[in-house]
Visitor: 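One structure, pasted below without further comment.
Note on naming: letters A, B, ... go to the chains in the order of the sequence lines (proteins, then strands), and numbering restarts at 1 for each one. Predicted, not measured: the structure shown is a model, and the values here were computed from it.
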Amino acid sequence: MSVIEIKNLTKNYGKARGIIDVSLTVEQGEIFGFIGPNGAGKSTTIRTLLGLIYPTSGSARIFGKCCTTNPEVREDVGYLPSEVFYYDGMRVIDLLRYSASFYKKDCTKRINELAEIMDLDLKKRIDDLSFGNKKKVGIVQGLIHEPRLIILDEPTAGLDPLMQQRFFELIASENKKGATVFLSSHILREVQKMCERVALIKDGRIIKLEKMSELQGNNFKRIKVEGQSDLDKTIFDMPGVSKLENGGKTASFLYRGDINNIIRKLAQTELSNLSIDEPDLEEIFMHYYSKDG
Amino acid sequence: MNMYLHELKSMRKSTIMWTCSMIAIALVYLSLYPAIFSDGAHFKDMLAGYPASIRAVLGVTLDSVTTLLGFYSMIIAFVVLCGGIQAMNLGMSMLSKETRERTADFLLVKPVSRAAVVTAKILAGLTVFLITDVVYYAGASVIASIVKQSSYSGGLFFMINLTLFFVQLIFFAIGAVVSVFFDRLRSVLPVSLGTVFGCYIIGALVAAGKDDWARFISPFRYFDYSYIIQNSRYETPYLATGAVIVIVSVVTCYFVYARKDIHAVS
(Lines give C-alpha, C1' and ligand atoms only; values in the text may rest on other atoms or scores of the structure.)
Protein backbone atom coordinates (compact mmCIF):
# COMPACT_ATOMS: atom_id res chain seq x y z
CA MET A 1 0.00 0.00 0.00
CA SER A 2 1.28 3.43 -0.93
CA VAL A 3 1.55 6.07 1.77
CA ILE A 4 0.12 8.73 -0.50
CA GLU A 5 -2.04 7.88 -3.46
CA ILE A 6 -3.43 10.70 -5.56
CA LYS A 7 -5.55 9.67 -8.53
CA ASN A 8 -6.78 12.01 -11.27
CA LEU A 9 -7.26 14.73 -8.71
CA THR A 10 -8.96 17.86 -10.03
CA LYS A 11 -10.02 20.91 -8.11
CA ASN A 12 -11.72 23.93 -9.66
CA TYR A 13 -12.20 27.17 -7.83
CA GLY A 14 -15.10 28.54 -9.79
CA LYS A 15 -13.46 30.11 -12.79
CA ALA A 16 -9.96 30.10 -11.36
CA ARG A 17 -7.74 27.12 -12.08
CA GLY A 18 -6.90 24.85 -9.21
CA ILE A 19 -5.29 21.57 -10.18
CA ILE A 20 -6.08 19.33 -13.12
CA ASP A 21 -5.80 15.57 -13.25
CA VAL A 22 -2.96 15.22 -10.77
CA SER A 23 -1.84 11.64 -10.13
CA LEU A 24 1.06 10.51 -8.03
CA THR A 25 1.99 7.93 -5.44
CA VAL A 26 4.50 8.10 -2.65
CA GLU A 27 5.85 4.88 -1.18
CA GLN A 28 6.75 3.97 2.38
CA GLY A 29 10.04 5.50 3.53
CA GLU A 30 10.45 7.72 0.52
CA ILE A 31 11.35 11.41 0.45
CA PHE A 32 9.26 12.81 -2.32
CA GLY A 33 9.78 16.25 -3.80
CA PHE A 34 6.99 18.36 -5.18
CA ILE A 35 8.30 21.30 -7.15
CA GLY A 36 6.69 24.13 -8.98
CA PRO A 37 6.55 27.88 -9.08
CA ASN A 38 4.21 29.82 -6.79
CA GLY A 39 0.60 29.36 -7.74
CA ALA A 40 1.19 26.13 -9.66
CA GLY A 41 -1.12 24.15 -7.39
CA LYS A 42 1.24 22.69 -4.78
CA SER A 43 -0.73 23.89 -1.79
CA THR A 44 -4.05 22.97 -3.38
CA THR A 45 -2.80 19.41 -3.83
CA ILE A 46 -1.60 19.22 -0.25
CA ARG A 47 -4.75 20.74 1.20
CA THR A 48 -6.90 18.29 -0.70
CA LEU A 49 -4.72 15.46 0.51
CA LEU A 50 -5.17 16.61 4.11
CA GLY A 51 -8.91 16.98 3.76
CA LEU A 52 -8.93 20.76 4.16
CA ILE A 53 -10.56 21.15 0.77
CA TYR A 54 -12.74 18.78 -1.19
CA PRO A 55 -11.76 17.57 -4.66
CA THR A 56 -13.95 18.37 -7.65
CA SER A 57 -13.12 14.91 -8.97
CA GLY A 58 -10.57 12.19 -8.37
CA SER A 59 -9.25 11.05 -5.02
CA ALA A 60 -6.43 11.68 -2.59
CA ARG A 61 -5.63 9.01 -0.04
CA ILE A 62 -3.23 8.68 2.85
CA PHE A 63 -2.43 5.15 4.04
CA GLY A 64 -5.24 4.02 1.77
CA LYS A 65 -7.82 6.24 3.42
CA CYS A 66 -9.38 9.56 2.60
CA CYS A 67 -8.88 12.25 5.26
CA THR A 68 -12.40 13.60 4.97
CA THR A 69 -14.16 10.32 5.59
CA ASN A 70 -11.53 8.88 7.94
CA PRO A 71 -10.12 11.81 9.86
CA GLU A 72 -8.34 9.40 12.21
CA VAL A 73 -5.67 8.69 9.57
CA ARG A 74 -4.30 12.14 10.38
CA GLU A 75 -3.13 10.60 13.65
CA ASP A 76 -0.05 9.56 11.68
CA VAL A 77 0.40 12.74 9.69
CA GLY A 78 2.53 15.74 10.58
CA TYR A 79 1.89 18.86 8.56
CA LEU A 80 3.91 22.04 8.37
CA PRO A 81 2.06 24.78 6.47
CA SER A 82 3.98 27.40 4.55
CA GLU A 83 2.79 30.10 6.91
CA VAL A 84 2.03 29.34 10.51
CA PHE A 85 -0.56 31.11 12.63
CA TYR A 86 -1.50 30.22 16.15
CA TYR A 87 -3.99 31.22 18.79
CA ASP A 88 -3.37 34.56 20.43
CA GLY A 89 -2.27 34.76 23.99
CA MET A 90 -0.83 31.26 24.23
CA ARG A 91 2.66 30.38 25.27
CA VAL A 92 4.65 28.04 23.05
CA ILE A 93 4.41 25.22 25.56
CA ASP A 94 0.62 25.65 25.91
CA LEU A 95 0.19 25.40 22.17
CA LEU A 96 2.41 22.34 21.92
CA ARG A 97 0.55 20.66 24.77
CA TYR A 98 -2.74 21.48 23.12
CA SER A 99 -1.45 20.06 19.86
CA ALA A 100 -0.19 16.93 21.67
CA SER A 101 -3.58 16.44 23.30
CA PHE A 102 -5.02 15.44 19.93
CA TYR A 103 -2.80 12.40 19.69
CA LYS A 104 -2.93 9.22 21.66
CA LYS A 105 0.71 9.41 22.70
CA ASP A 106 2.56 11.10 25.50
CA CYS A 107 4.60 13.73 23.70
CA THR A 108 6.21 15.57 26.63
CA LYS A 109 9.67 14.12 26.12
CA ARG A 110 9.50 14.71 22.41
CA ILE A 111 8.49 18.35 22.88
CA ASN A 112 11.59 19.01 24.94
CA GLU A 113 13.86 17.15 22.53
CA LEU A 114 12.57 18.99 19.50
CA ALA A 115 12.61 22.36 21.22
CA GLU A 116 16.24 21.81 22.02
CA ILE A 117 17.14 20.80 18.48
CA MET A 118 15.31 23.77 17.00
CA ASP A 119 16.53 26.12 19.74
CA LEU A 120 13.02 27.18 20.71
CA ASP A 121 12.10 28.97 23.93
CA LEU A 122 9.01 27.17 25.24
CA LYS A 123 8.05 29.80 27.77
CA LYS A 124 7.65 32.67 25.31
CA ARG A 125 4.27 33.88 24.17
CA ILE A 126 3.64 33.02 20.55
CA ASP A 127 2.48 36.56 19.74
CA ASP A 128 5.92 37.85 20.66
CA LEU A 129 7.81 35.49 18.36
CA SER A 130 9.38 36.53 15.07
CA PHE A 131 8.30 34.92 11.83
CA GLY A 132 11.23 32.50 11.88
CA ASN A 133 10.56 31.49 15.45
CA LYS A 134 6.89 30.93 14.74
CA LYS A 135 8.00 28.65 11.96
CA LYS A 136 10.06 26.70 14.45
CA VAL A 137 6.95 26.28 16.58
CA GLY A 138 5.28 24.93 13.46
CA ILE A 139 8.08 22.44 12.88
CA VAL A 140 8.03 21.16 16.44
CA GLN A 141 4.24 21.08 16.42
CA GLY A 142 4.22 19.02 13.24
CA LEU A 143 6.66 16.45 14.58
CA ILE A 144 5.77 15.94 18.26
CA HIS A 145 3.61 12.91 17.66
CA GLU A 146 6.29 11.16 15.57
CA PRO A 147 4.14 10.94 12.46
CA ARG A 148 4.69 8.22 9.88
CA LEU A 149 4.04 10.75 7.14
CA ILE A 150 5.48 14.25 7.21
CA ILE A 151 4.01 16.78 4.81
CA LEU A 152 6.02 19.96 4.36
CA ASP A 153 4.78 22.94 2.41
CA GLU A 154 7.60 25.43 1.70
CA PRO A 155 9.18 24.49 5.02
CA THR A 156 12.25 26.69 5.10
CA ALA A 157 10.75 30.09 4.36
CA GLY A 158 11.73 32.37 7.21
CA LEU A 159 14.38 30.09 8.71
CA ASP A 160 17.98 31.22 8.82
CA PRO A 161 20.58 29.00 7.05
CA LEU A 162 21.72 27.36 10.28
CA MET A 163 18.17 26.44 11.22
CA GLN A 164 17.45 25.28 7.70
CA GLN A 165 20.32 22.87 7.98
CA ARG A 166 19.19 21.62 11.38
CA PHE A 167 15.72 21.27 10.06
CA PHE A 168 16.83 19.12 7.15
CA GLU A 169 18.96 17.00 9.46
CA LEU A 170 15.91 16.53 11.61
CA ILE A 171 13.77 15.52 8.67
CA ALA A 172 16.50 13.15 7.44
CA SER A 173 16.68 11.49 10.86
CA GLU A 174 12.89 11.11 10.96
CA ASN A 175 13.12 9.54 7.53
CA LYS A 176 15.77 7.11 8.76
CA LYS A 177 13.41 6.11 11.55
CA GLY A 178 10.90 5.20 8.88
CA ALA A 179 8.87 8.32 8.23
CA THR A 180 7.79 9.08 4.71
CA VAL A 181 8.33 12.69 3.66
CA PHE A 182 6.41 14.76 1.15
CA LEU A 183 8.31 17.98 0.52
CA SER A 184 6.78 20.77 -1.48
CA SER A 185 9.03 23.62 -2.47
CA HIS A 186 10.02 26.06 -5.13
CA ILE A 187 13.58 26.02 -3.88
CA LEU A 188 15.31 23.39 -5.98
CA ARG A 189 18.38 23.14 -3.85
CA GLU A 190 16.33 21.77 -0.95
CA VAL A 191 14.61 19.20 -3.07
CA GLN A 192 17.80 18.20 -4.84
CA LYS A 193 19.55 17.50 -1.56
CA MET A 194 16.78 15.51 0.03
CA CYS A 195 14.54 13.79 -2.42
CA GLU A 196 14.64 10.48 -4.21
CA ARG A 197 11.80 11.22 -6.56
CA VAL A 198 10.25 14.45 -7.70
CA ALA A 199 7.12 15.64 -9.41
CA LEU A 200 7.16 18.92 -11.28
CA ILE A 201 3.89 20.80 -11.33
CA LYS A 202 3.04 23.69 -13.58
CA ASP A 203 -0.26 25.49 -14.13
CA GLY A 204 -2.07 22.85 -12.13
CA ARG A 205 -0.73 19.85 -14.03
CA ILE A 206 2.05 17.40 -13.27
CA ILE A 207 4.48 17.84 -16.14
CA LYS A 208 7.16 15.41 -15.00
CA LEU A 209 7.40 12.67 -12.43
CA GLU A 210 10.78 11.07 -12.20
CA LYS A 211 13.54 9.70 -10.04
CA MET A 212 15.89 12.44 -9.03
CA SER A 213 18.81 10.43 -10.35
CA GLU A 214 17.22 10.13 -13.78
CA LEU A 215 16.12 13.69 -13.89
CA GLN A 216 19.60 14.78 -13.06
CA GLY A 217 21.86 12.13 -14.52
CA ASN A 218 20.60 10.31 -17.53
CA ASN A 219 19.20 13.16 -19.42
CA PHE A 220 21.58 16.04 -19.30
CA LYS A 221 25.28 16.73 -18.92
CA ARG A 222 26.82 20.11 -18.47
CA ILE A 223 29.98 19.99 -20.60
CA LYS A 224 32.78 22.55 -20.63
CA VAL A 225 35.65 22.34 -23.06
CA GLU A 226 38.77 24.38 -23.56
CA GLY A 227 40.64 24.05 -26.83
CA GLN A 228 44.35 24.57 -27.49
CA SER A 229 43.34 27.03 -30.16
CA ASP A 230 40.08 28.68 -31.05
CA LEU A 231 37.30 26.10 -31.25
CA ASP A 232 35.58 25.30 -34.48
CA LYS A 233 31.90 26.12 -33.97
CA THR A 234 30.71 23.40 -36.33
CA ILE A 235 31.75 20.59 -33.98
CA PHE A 236 28.90 21.55 -31.65
CA ASP A 237 26.48 21.49 -34.48
CA MET A 238 24.85 18.19 -33.58
CA PRO A 239 21.60 16.92 -32.04
CA GLY A 240 21.39 17.04 -28.22
CA VAL A 241 23.44 20.17 -27.75
CA SER A 242 21.68 23.10 -26.19
CA LYS A 243 22.47 26.33 -24.43
CA LEU A 244 25.79 26.66 -26.23
CA GLU A 245 28.02 29.43 -25.03
CA ASN A 246 31.04 29.73 -27.23
CA GLY A 247 33.82 32.22 -26.62
CA GLY A 248 37.01 31.60 -28.56
CA LYS A 249 38.94 28.81 -26.88
CA THR A 250 36.20 27.84 -24.46
CA ALA A 251 32.71 26.52 -24.88
CA SER A 252 30.02 25.35 -22.49
CA PHE A 253 26.76 23.60 -23.25
CA LEU A 254 24.11 21.12 -22.09
CA TYR A 255 24.17 17.76 -23.79
CA ARG A 256 21.38 15.22 -23.91
CA GLY A 257 21.76 11.91 -25.73
CA ASP A 258 24.32 9.14 -26.21
CA ILE A 259 27.46 10.25 -24.45
CA ASN A 260 29.68 8.37 -26.97
CA ASN A 261 28.59 10.57 -29.82
CA ILE A 262 29.73 13.73 -28.19
CA ILE A 263 32.97 12.16 -26.97
CA ARG A 264 33.82 11.01 -30.49
CA LYS A 265 33.14 14.48 -31.78
CA LEU A 266 35.27 16.09 -29.11
CA ALA A 267 38.07 13.63 -29.71
CA GLN A 268 38.62 15.12 -33.15
CA THR A 269 39.74 18.37 -31.55
CA GLU A 270 42.88 19.08 -29.59
CA LEU A 271 41.63 19.99 -26.11
CA SER A 272 43.49 21.42 -23.18
CA ASN A 273 40.69 20.86 -20.70
CA LEU A 274 37.36 19.07 -20.42
CA SER A 275 34.80 18.82 -17.67
CA ILE A 276 31.53 16.93 -17.62
CA ASP A 277 29.18 17.70 -14.75
CA GLU A 278 25.73 16.88 -13.60
CA PRO A 279 23.68 19.94 -14.31
CA ASP A 280 21.94 21.26 -11.24
CA LEU A 281 18.24 20.90 -10.96
CA GLU A 282 17.73 24.57 -11.61
CA GLU A 283 18.92 24.18 -15.17
CA ILE A 284 16.70 21.19 -15.79
CA PHE A 285 13.85 22.91 -14.14
CA MET A 286 14.18 25.99 -16.30
CA HIS A 287 14.41 23.72 -19.29
CA TYR A 288 11.04 22.12 -18.52
CA TYR A 289 9.34 25.31 -17.63
CA SER A 290 10.53 27.38 -20.55
CA LYS A 291 9.93 24.64 -23.10
CA ASP A 292 6.18 24.58 -22.68
CA GLY A 293 5.75 28.22 -22.61
CA MET B 1 -12.70 17.36 25.47
CA ASN B 2 -9.42 19.13 24.75
CA MET B 3 -11.03 21.34 22.12
CA TYR B 4 -13.94 22.09 24.44
CA LEU B 5 -11.61 23.17 27.23
CA HIS B 6 -9.47 25.18 24.85
CA GLU B 7 -12.55 27.04 23.60
CA LEU B 8 -13.78 27.69 27.13
CA LYS B 9 -10.40 29.08 28.09
CA SER B 10 -10.28 31.39 25.11
CA MET B 11 -13.71 32.82 25.97
CA ARG B 12 -13.01 33.31 29.66
CA LYS B 13 -12.38 37.04 29.61
CA SER B 14 -15.26 38.02 27.38
CA THR B 15 -17.64 35.89 29.44
CA ILE B 16 -16.67 37.67 32.64
CA MET B 17 -17.18 41.03 30.92
CA TRP B 18 -20.59 40.16 29.53
CA THR B 19 -21.77 38.69 32.82
CA CYS B 20 -20.64 41.74 34.76
CA SER B 21 -22.31 44.14 32.33
CA MET B 22 -25.58 42.25 32.52
CA ILE B 23 -25.55 42.22 36.30
CA ALA B 24 -24.69 45.93 36.22
CA ILE B 25 -27.79 46.64 34.12
CA ALA B 26 -29.95 44.78 36.62
CA LEU B 27 -28.25 46.52 39.54
CA VAL B 28 -28.68 50.03 38.14
CA TYR B 29 -32.33 49.61 37.25
CA LEU B 30 -33.41 47.52 40.23
CA SER B 31 -31.83 49.99 42.62
CA LEU B 32 -34.43 52.49 41.38
CA TYR B 33 -37.22 50.14 42.37
CA PRO B 34 -37.69 51.17 46.03
CA ALA B 35 -38.10 54.82 44.99
CA ILE B 36 -40.54 53.92 42.24
CA PHE B 37 -42.51 51.71 44.60
CA SER B 38 -42.86 54.39 47.26
CA ASP B 39 -43.98 56.89 44.63
CA GLY B 40 -45.99 54.36 42.63
CA ALA B 41 -48.98 56.50 41.83
CA HIS B 42 -46.90 59.30 40.33
CA PHE B 43 -44.83 56.88 38.34
CA LYS B 44 -47.96 55.27 36.92
CA ASP B 45 -49.38 58.71 36.07
CA MET B 46 -46.20 59.64 34.28
CA LEU B 47 -46.19 56.41 32.24
CA ALA B 48 -49.88 56.76 31.51
CA GLY B 49 -49.02 60.10 29.92
CA TYR B 50 -46.95 58.24 27.31
CA PRO B 51 -48.71 57.09 24.16
CA ALA B 52 -49.75 53.46 24.39
CA SER B 53 -47.41 52.51 21.55
CA ILE B 54 -44.38 53.89 23.37
CA ARG B 55 -45.39 51.95 26.46
CA ALA B 56 -45.63 48.83 24.36
CA VAL B 57 -42.18 49.45 22.88
CA LEU B 58 -40.73 49.81 26.37
CA GLY B 59 -42.59 46.72 27.54
CA VAL B 60 -44.55 48.60 30.21
CA THR B 61 -47.76 47.15 31.58
CA LEU B 62 -49.39 49.89 33.67
CA ASP B 63 -51.21 47.60 36.11
CA SER B 64 -48.15 45.66 37.20
CA VAL B 65 -45.28 48.09 36.67
CA THR B 66 -44.98 48.91 40.35
CA THR B 67 -44.74 45.26 41.38
CA LEU B 68 -41.26 43.87 41.47
CA LEU B 69 -41.92 41.32 38.72
CA GLY B 70 -43.66 43.87 36.53
CA PHE B 71 -40.82 46.29 36.92
CA TYR B 72 -38.25 43.55 36.41
CA SER B 73 -39.86 42.41 33.17
CA MET B 74 -39.10 45.88 31.82
CA ILE B 75 -35.45 45.55 32.83
CA ILE B 76 -34.99 42.02 31.61
CA ALA B 77 -35.70 43.25 28.07
CA PHE B 78 -32.40 45.17 28.14
CA VAL B 79 -30.55 42.25 29.69
CA VAL B 80 -31.93 39.92 27.04
CA LEU B 81 -30.82 42.35 24.33
CA CYS B 82 -27.34 42.34 25.84
CA GLY B 83 -27.37 38.55 26.15
CA GLY B 84 -28.59 38.22 22.56
CA ILE B 85 -25.60 40.19 21.32
CA GLN B 86 -23.26 38.06 23.41
CA ALA B 87 -24.78 34.85 22.10
CA MET B 88 -24.81 35.86 18.46
CA ASN B 89 -21.22 37.03 18.76
CA LEU B 90 -20.26 33.69 20.23
CA GLY B 91 -22.14 31.75 17.62
CA MET B 92 -20.64 33.69 14.76
CA SER B 93 -17.09 33.79 15.97
CA MET B 94 -16.57 30.27 17.26
CA LEU B 95 -16.25 28.56 13.88
CA SER B 96 -15.21 31.53 11.77
CA LYS B 97 -12.32 32.48 14.00
CA GLU B 98 -10.32 29.48 12.84
CA THR B 99 -10.24 30.87 9.32
CA ARG B 100 -10.12 34.50 10.40
CA GLU B 101 -7.16 33.97 12.68
CA ARG B 102 -5.78 31.44 10.24
CA THR B 103 -5.55 28.64 12.74
CA ALA B 104 -7.66 26.26 10.65
CA ASP B 105 -4.46 24.76 9.23
CA PHE B 106 -3.62 23.76 12.77
CA LEU B 107 -6.93 22.48 14.04
CA LEU B 108 -8.40 20.85 10.96
CA VAL B 109 -5.41 18.65 10.17
CA LYS B 110 -5.66 17.03 13.58
CA PRO B 111 -7.14 13.55 13.71
CA VAL B 112 -10.63 14.81 14.49
CA SER B 113 -13.65 15.11 12.25
CA ARG B 114 -15.19 18.45 11.35
CA ALA B 115 -18.32 17.34 13.20
CA ALA B 116 -16.28 16.83 16.37
CA VAL B 117 -14.90 20.35 16.00
CA VAL B 118 -18.41 21.77 15.62
CA THR B 119 -19.66 19.76 18.61
CA ALA B 120 -16.84 20.94 20.86
CA LYS B 121 -17.39 24.53 19.87
CA ILE B 122 -21.17 24.43 20.26
CA LEU B 123 -20.89 22.80 23.67
CA ALA B 124 -18.31 25.37 24.75
CA GLY B 125 -20.56 28.19 23.54
CA LEU B 126 -23.53 26.69 25.37
CA THR B 127 -21.49 26.36 28.52
CA VAL B 128 -20.38 29.96 28.27
CA PHE B 129 -23.82 31.42 28.16
CA LEU B 130 -25.17 28.94 30.67
CA ILE B 131 -22.51 30.14 33.07
CA THR B 132 -23.38 33.73 32.18
CA ASP B 133 -27.06 33.08 32.82
CA VAL B 134 -26.58 31.20 36.07
CA VAL B 135 -24.28 33.86 37.48
CA TYR B 136 -26.60 36.57 36.25
CA TYR B 137 -29.60 34.81 37.76
CA ALA B 138 -27.84 34.51 41.10
CA GLY B 139 -26.85 38.19 40.97
CA ALA B 140 -30.31 39.36 39.97
CA SER B 141 -31.93 37.20 42.68
CA VAL B 142 -29.73 38.74 45.35
CA ILE B 143 -30.43 42.27 44.12
CA ALA B 144 -34.16 41.58 43.85
CA SER B 145 -34.34 40.20 47.37
CA ILE B 146 -32.62 43.34 48.64
CA VAL B 147 -34.83 45.86 46.83
CA LYS B 148 -38.13 44.00 47.20
CA GLN B 149 -40.91 45.82 49.01
CA SER B 150 -43.18 42.81 49.36
CA SER B 151 -42.80 39.13 48.62
CA TYR B 152 -42.78 37.96 45.00
CA SER B 153 -43.00 34.58 43.27
CA GLY B 154 -39.58 33.00 42.96
CA GLY B 155 -40.92 30.62 40.33
CA LEU B 156 -42.09 33.43 38.08
CA PHE B 157 -38.84 35.30 38.63
CA PHE B 158 -37.02 32.19 37.42
CA MET B 159 -39.31 31.82 34.42
CA ILE B 160 -38.69 35.42 33.43
CA ASN B 161 -34.94 34.91 33.70
CA LEU B 162 -35.08 31.68 31.76
CA THR B 163 -36.19 33.65 28.69
CA LEU B 164 -32.68 35.07 28.62
CA PHE B 165 -31.34 31.58 28.00
CA PHE B 166 -33.93 30.83 25.31
CA VAL B 167 -33.26 34.02 23.38
CA GLN B 168 -29.52 33.45 23.65
CA LEU B 169 -29.92 29.92 22.37
CA ILE B 170 -31.78 31.20 19.31
CA PHE B 171 -29.25 33.92 18.50
CA PHE B 172 -26.34 31.59 19.14
CA ALA B 173 -27.73 29.12 16.63
CA ILE B 174 -28.45 31.85 14.09
CA GLY B 175 -24.93 33.23 14.52
CA ALA B 176 -23.39 29.80 14.03
CA VAL B 177 -25.32 29.06 10.86
CA VAL B 178 -24.67 32.49 9.37
CA SER B 179 -20.93 32.17 9.96
CA VAL B 180 -20.53 28.91 8.05
CA PHE B 181 -21.77 30.52 4.86
CA PHE B 182 -18.95 33.06 4.81
CA ASP B 183 -15.58 32.08 3.36
CA ARG B 184 -13.78 34.51 5.56
CA LEU B 185 -15.68 36.61 7.99
CA ARG B 186 -13.40 39.56 8.63
CA SER B 187 -15.26 41.01 11.54
CA VAL B 188 -18.07 39.54 13.57
CA LEU B 189 -19.35 42.44 15.63
CA PRO B 190 -21.00 44.54 12.87
CA VAL B 191 -22.99 41.54 11.63
CA SER B 192 -24.06 40.33 15.04
CA LEU B 193 -24.84 43.82 16.37
CA GLY B 194 -26.80 44.60 13.22
CA THR B 195 -28.82 41.41 13.36
CA VAL B 196 -29.60 41.52 17.07
CA PHE B 197 -30.45 45.24 17.14
CA GLY B 198 -32.43 44.82 13.95
CA CYS B 199 -34.49 42.06 15.57
CA TYR B 200 -34.90 44.11 18.70
CA ILE B 201 -36.16 47.18 16.85
CA ILE B 202 -38.45 45.15 14.61
CA GLY B 203 -39.72 43.41 17.72
CA ALA B 204 -40.36 46.74 19.44
CA LEU B 205 -42.21 48.17 16.46
CA VAL B 206 -44.22 44.98 15.95
CA ALA B 207 -45.14 44.87 19.60
CA ALA B 208 -46.96 48.17 19.24
CA GLY B 209 -49.37 46.54 16.82
CA LYS B 210 -49.55 43.26 18.77
CA ASP B 211 -50.05 41.23 15.61
CA ASP B 212 -49.57 37.63 16.63
CA TRP B 213 -48.01 36.50 13.36
CA ALA B 214 -45.63 39.47 13.28
CA ARG B 215 -44.22 38.43 16.62
CA PHE B 216 -42.65 35.42 14.91
CA ILE B 217 -40.20 37.73 13.12
CA SER B 218 -38.30 38.78 16.21
CA PRO B 219 -37.06 36.30 18.82
CA PHE B 220 -37.28 39.13 21.32
CA ARG B 221 -41.07 38.94 21.04
CA TYR B 222 -41.34 35.21 21.54
CA PHE B 223 -41.69 35.80 25.25
CA ASP B 224 -44.37 38.15 26.47
CA TYR B 225 -43.63 38.89 30.11
CA SER B 226 -47.11 40.00 31.10
CA TYR B 227 -48.39 36.72 29.65
CA ILE B 228 -45.81 34.79 31.65
CA ILE B 229 -46.68 36.63 34.85
CA GLN B 230 -50.40 36.11 34.35
CA ASN B 231 -50.33 32.50 33.18
CA SER B 232 -47.13 31.12 34.70
CA ARG B 233 -46.19 29.54 31.39
CA TYR B 234 -44.67 30.31 28.00
CA GLU B 235 -46.62 30.59 24.77
CA THR B 236 -46.17 27.25 23.05
CA PRO B 237 -46.21 28.36 19.37
CA TYR B 238 -43.35 30.79 19.97
CA LEU B 239 -41.41 28.37 22.10
CA ALA B 240 -41.80 25.79 19.34
CA THR B 241 -40.69 28.27 16.68
CA GLY B 242 -37.61 29.03 18.72
CA ALA B 243 -36.83 25.33 19.02
CA VAL B 244 -37.25 24.83 15.27
CA ILE B 245 -34.90 27.73 14.51
CA VAL B 246 -32.28 26.29 16.84
CA ILE B 247 -32.53 22.74 15.51
CA VAL B 248 -32.54 23.72 11.84
CA SER B 249 -29.63 26.11 12.34
CA VAL B 250 -27.51 23.62 14.21
CA VAL B 251 -28.15 20.81 11.73
CA THR B 252 -27.36 23.12 8.80
CA CYS B 253 -24.24 24.26 10.57
CA TYR B 254 -22.93 20.67 10.90
CA PHE B 255 -23.85 19.88 7.34
CA VAL B 256 -22.25 22.91 5.72
CA TYR B 257 -19.15 23.03 7.89
CA ALA B 258 -18.34 19.38 7.26
CA ARG B 259 -18.29 20.02 3.50
CA LYS B 260 -16.64 23.38 3.50
CA ASP B 261 -13.35 24.10 1.74
CA ILE B 262 -10.81 25.64 4.05
CA HIS B 263 -8.74 27.84 1.81
CA ALA B 264 -5.08 28.62 2.15
CA VAL B 265 -3.83 31.77 3.75
CA SER B 266 -3.63 34.48 1.16
Visitor: Sorted by first residue and then second, give each salt bridge (charged side-chain N to carboxylate O under 4.0 Å, His left out) pair with at least one member in residues 118-146 of chain B; sequence neighbours left out.
Guide: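 For residues 118-146 of chain B, and leaving out neighbouring residues, the salt bridge (charged side-chain N to carboxylate O under 4.0 Å, His left out) pairs sorted by first residue read B/Glu7-B/Lys121, B/Glu98-B/Lys121.
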
Visitor: Check ring-ring contact (aromatic ring centres under 6.0 Å, His included) between A/Phe32 and all other residues, then give those that pass, not counting sequence neighbours.
Guide: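 Only A/Phe182 meet the ring-ring contact (aromatic ring centres under 6.0 Å, His included) criterion with A/Phe32.
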
Visitor: With a 4.5 angstrom heavy-atom cut-off, could you sort out which part of A/Thr44 is near chain B: side chain, backbone, both or neither?
Guide: neither

Visitor: Can you say whether A/Tyr87 sits under 4.5 Å from chain B via the side chain, the backbone, both, or neither, judging by heavy atoms?
Guide: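 Contact with chain B involves both backbone and side-chain atoms of A/Tyr87.
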
Visitor: Looking at B/Glu101, B/Arg114, B/Lys9, B/Lys110, which has the largest count of heavy-atom pairs under 4.5 Å with chain A?
Guide: B/Lys110

Visitor: Please confirm whether the ring centroid of B/Phe129 lies under 6.0 Å from the ring centroid of B/Phe171.
Guide: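 When the ring centroids of B/Phe129 and B/Phe171 are compared, they turn out to be at least 6.0 Å apart.
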
Visitor: If you count heavy-atom pairs under 4.5 Å between each of B/Ala104, B/Ala258, B/Ser10 and chain A, which one has the most?
Guide: B/Ala258

Visitor: Got a donor-acceptor contact below 3.5 angstrom from the A/Asp160 side chain to the A/Met163 backbone?
Guide: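 Yes; judged by distance alone, with no hydrogens or angles, the pair exists.
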
Visitor: For B/Phe166, give me all partners under ring-ring contact (aromatic ring centres under 6.0 Å, His included), at least two apart in sequence or on another chain.
Guide: B/Phe223, B/Tyr234

Visitor: Tell me the residues of residues 17-25 of chain B whose non-hydrogen atoms fall below 4.5 Å from those of chain A, in number order.
Guide: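 Contacts with chain A: none.
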
Visitor: Just so I understand: if I count every heavy-atom pair under 4.5 Å between each of A/Glu72, A/His145, A/Gln141, A/Met90 and chain B, which residue has the most?
Guide: A/Gln141

Visitor: Which atoms form the tightest heavy-atom contact between B/Ser31 and B/Val147, and what is the distance?
Guide: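 It is CA-CG1, 4.3 Å.
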
Visitor: Which atoms of B/Met3 come close to chain A, meaning under 4.5 Å heavy atom to heavy atom: side chain ones, backbone ones, both, or neither?
Guide: both

Visitor: Hey, does the side chain of A/Lys11 reach the backbone of A/Gly18 with a donor-acceptor pair shorter than 3.5 angstrom?
Guide: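 Not confirmed, A/Lys11 side chain does not pair with A/Gly18 backbone.
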
Visitor: So does B/Phe106 get a backbone contact from the side chain of B/Thr103, meaning a donor-acceptor N/O pair under 3.5 Å?
Guide: no

Visitor: Does a salt bridge link B/Asp105 with A/Arg47, judged by any charged N lying under 4.0 Å from a carboxylate O?
Guide: yes

